[in-house]
Protein chains: 2
Amino acid sequence: MERETVLASLLRRLNTVSKLDQADIAAIRSLPVAVRHWEGGRAIVSDGERPTECCLIIEGFCIRSKTTERGGRQILSIHIPGEIPDLQSLHLQVMDHDLITLVPSTLGFISHTSLRALTHTQPNVAEVFWRDTLIDAAIFREWIVNVGQRPAPARLAHTVLELRRRLALTERAEPAVFEFPLTQEQIGEALGITPVHANRIIKQLRQDGIVDVSRGRVHVLDETKLAELAQFDDRYLHQDPSA
Amino acid sequence: MERETVLASLLRRLNTVSKLDQADIAAIRSLPVAVRHWEGGRAIVSDGERPTECCLIIEGFCIRSKTTERGGRQILSIHIPGEIPDLQSLHLQVMDHDLITLVPSTLGFISHTSLRALTHTQPNVAEVFWRDTLIDAAIFREWIVNVGQRPAPARLAHTVLELRRRLALTERAEPAVFEFPLTQEQIGEALGITPVHANRIIKQLRQDGIVDVSRGRVHVLDETKLAELAQFDDRYLHQDPSA
DNA sequence: ACCAGTTCCCAACAAAGGTTAAGGATACGA
DNA sequence: TCGTATCCTTAACCTTTGTTGGGAACTGGT
């Protein structure tokens, strides 16, 4: 795979969310990236492990999740190409959650060693990466609000709109139809509800002509009603570098 | 107030959670800190604002929270002396949530300017601060699990044990009785339940002889039962610098 | 075309949690 | 010490969500 395309979405994203100068871009471009393909539904790193590299999603979808001792699983975030979902492992040596592919994916592995060398020689890149992990945390905060405050249908609506907005960063569009490769069971795990209840609310939203979530895709049926249900305000994504 | 005591708990905490050398400690000690007293229940920074300084809690308790358009409030975290709950504002210019005192507190304000100067001259301090925000994010992840997966009594038990463990970092003890200055309404906002339900579960836990949460304090009645209910595993707090 | 394994779908019932409304305790200032 | 505000407490009732269990539809492999 071309080096260009491997880092393209990462650079596009970082350069939108922060400010990179030519030296930063060149330095990131020269990072050694080991490209590997991964099946769907397979762990990349697991809770308790001490990874020595970070994982850039080049193509595909991943989730982060934690499993409780009672066997329940909570999905913490959904990740898309251009993101480095385990960037925190650079300074948090032991994983406190799992990182798992949802679908067959192309991943780029970058060693902690070379990332640390990069952040030491390019302090501006260090700050851009730091900011990236802060946005990650901001998304967790909103996820807490989602699970803690919103009724189940609004939770799904919000999750769907957040993902679309984040996809728009690298894809430059907010389409009415887009990929959302979670089973109903996984949707339940993301929203903190059972799969049966996930099925109920999906059916409801479909019948109400608001949104159709099925076969791994989202069809937005009524943009206005969906936005009203989700009360989605993208400020927390901090996509504007001056904000 | 003595400079020593102003930064004492911050330094103790950072030095436990990460590794600081003498130069780092000296550099942090020389930070200009503006000490101010704050009433309880008053905002320090609010959603939408662009703060120019960060806030160190010297004495007291604070929370971070978000308010939804429907009027519900979700408490995202509880903060104690030695913590800088809005450190993220250093690289996320616009606040996406509120920071509020719970009780009358002594706060130390440190300008972004001097913090940036510090992180530029002492890259190791930058990494320690970065790591601190990553631990903050790890706590958010566990909070998502708490609200999304655990039944209400276990949520309260977990929250209580987490706070005690974090207090132990600067106080070096895990007492059976400690301060927990949240009203039942605020407990509900933290756990994603109504105040009425918060009251129900508090009463339940008291009657079951597990824990008594009242008048702003926690009394642990049965350490074993409480631990079993909460399924508390402190790995996610990353208090050990090698982990 | 068939099979096994998922995933989706649905119904009936149970439990957890939300709503409303009201009385009682506590703290604090005049 | 009296009031006022806040907080705690409880009850009755209602809604959402969980549980159990089953069947239908789809998928990928042979």
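In what follows, every heavy atom counts, from backbone to side chain, and hydrogens, waters and symmetry copies are set aside. Order of the sequence lines fixes the chain letters, A, B, ..., with proteins taken first and strands second; residue numbering starts at 1 for each chain.
The interatomic distance linking B:His197 (NE2) with D:dC8 (C1') rounds to 16 Å, in whole Å. Rounding to whole angstrom units, CZ of residue B:Arg215 and C1' of C:dA25 are separated by 11 Å. Counting to the nearest Å, the C1' atom of C:dT19 and the CZ atom of B:Arg70 are 17 Å from each other. The CD atom of A:Gln184 sits 15 Å away from the P atom of D:dA25 (whole-angstrom rounding). When rounded to the nearest whole Å, the span between CD1 of B:Ile193 and P of D:dC8 equals 13 Å. Separating the CD atom of B:Gln204 from the P atom of D:dA11 is a distance of 13 Å, rounded to the nearest angstrom. Taking atom CG on A:Leu191 and atom C1' on D:dG18, their separation rounds to 15 Å, with Å as the unit. When the C1' atom of C:dT6 is taken as reference, atom CD of A:Gln186 falls 12 Å away, rounded to whole Å.
Within the 4.0 angstrom heavy-atom criterion, only backbone atoms of the sugar-phosphate kind lie near B:Gly192; the bases stay farther away. Among the heavy atoms of the strands lying under 4.0 Å from A:Thr183 are primed sugar atoms or P, OP1, OP2 only; no base atom is included.
Between B:Ile202 and A:Ile201, the residue anchored nearer the 5' end of DNA chain D, judged by the nucleotide with its closest heavy atom, is B:Ile202.
Among the nucleotides D:dT9, C:dG17, C:dC9, the one closest to the side chain of B:Arg206 is D:dT9. Distances were taken from every side-chain heavy atom of B:Val196 (C-beta onward) to each of C:dG17, D:dT10, D:dT17; the shortest belongs to D:dT10.
Nearest heavy atom pair, residue B:Val213 against residue B:Ile202, reads O-CG2, 3.5 Å. Scanning all heavy atoms of the two residues, the minimum distance from B:Val94 to A:His238 falls at O-CE1, 3.1 Å.
Residue B:Arg200 places none of its side-chain N or O atoms closer than 4.0 Å to OP1 or OP2 of C:dT19. Checking the phosphate oxygens (OP1, OP2) of D:dT9, no side-chain nitrogen or oxygen of B:Lys203 falls inside 4.0 Å. In this model, the phosphate group of D:dT9 is approached by a side-chain N or O of B:Asn199 to a distance below 4.0 Å at OP1 or OP2.
With A:Leu161 as the partner, the side chain to side chain contact (heavy atoms under 4.5 Å, CB included) test is satisfied by one option alone out of A:Leu226, A:Leu229, A:Asp234: A:Leu226.
Contact check on B:Arg166 versus B:Glu142 returns no salt bridge, with no Lys/Arg side-chain nitrogen under 4.0 Å from an Asp/Glu carboxylate oxygen.
In this structure, A:Phe109 has its ring center closer than 6.0 angstrom to the ring center of A:Trp38.
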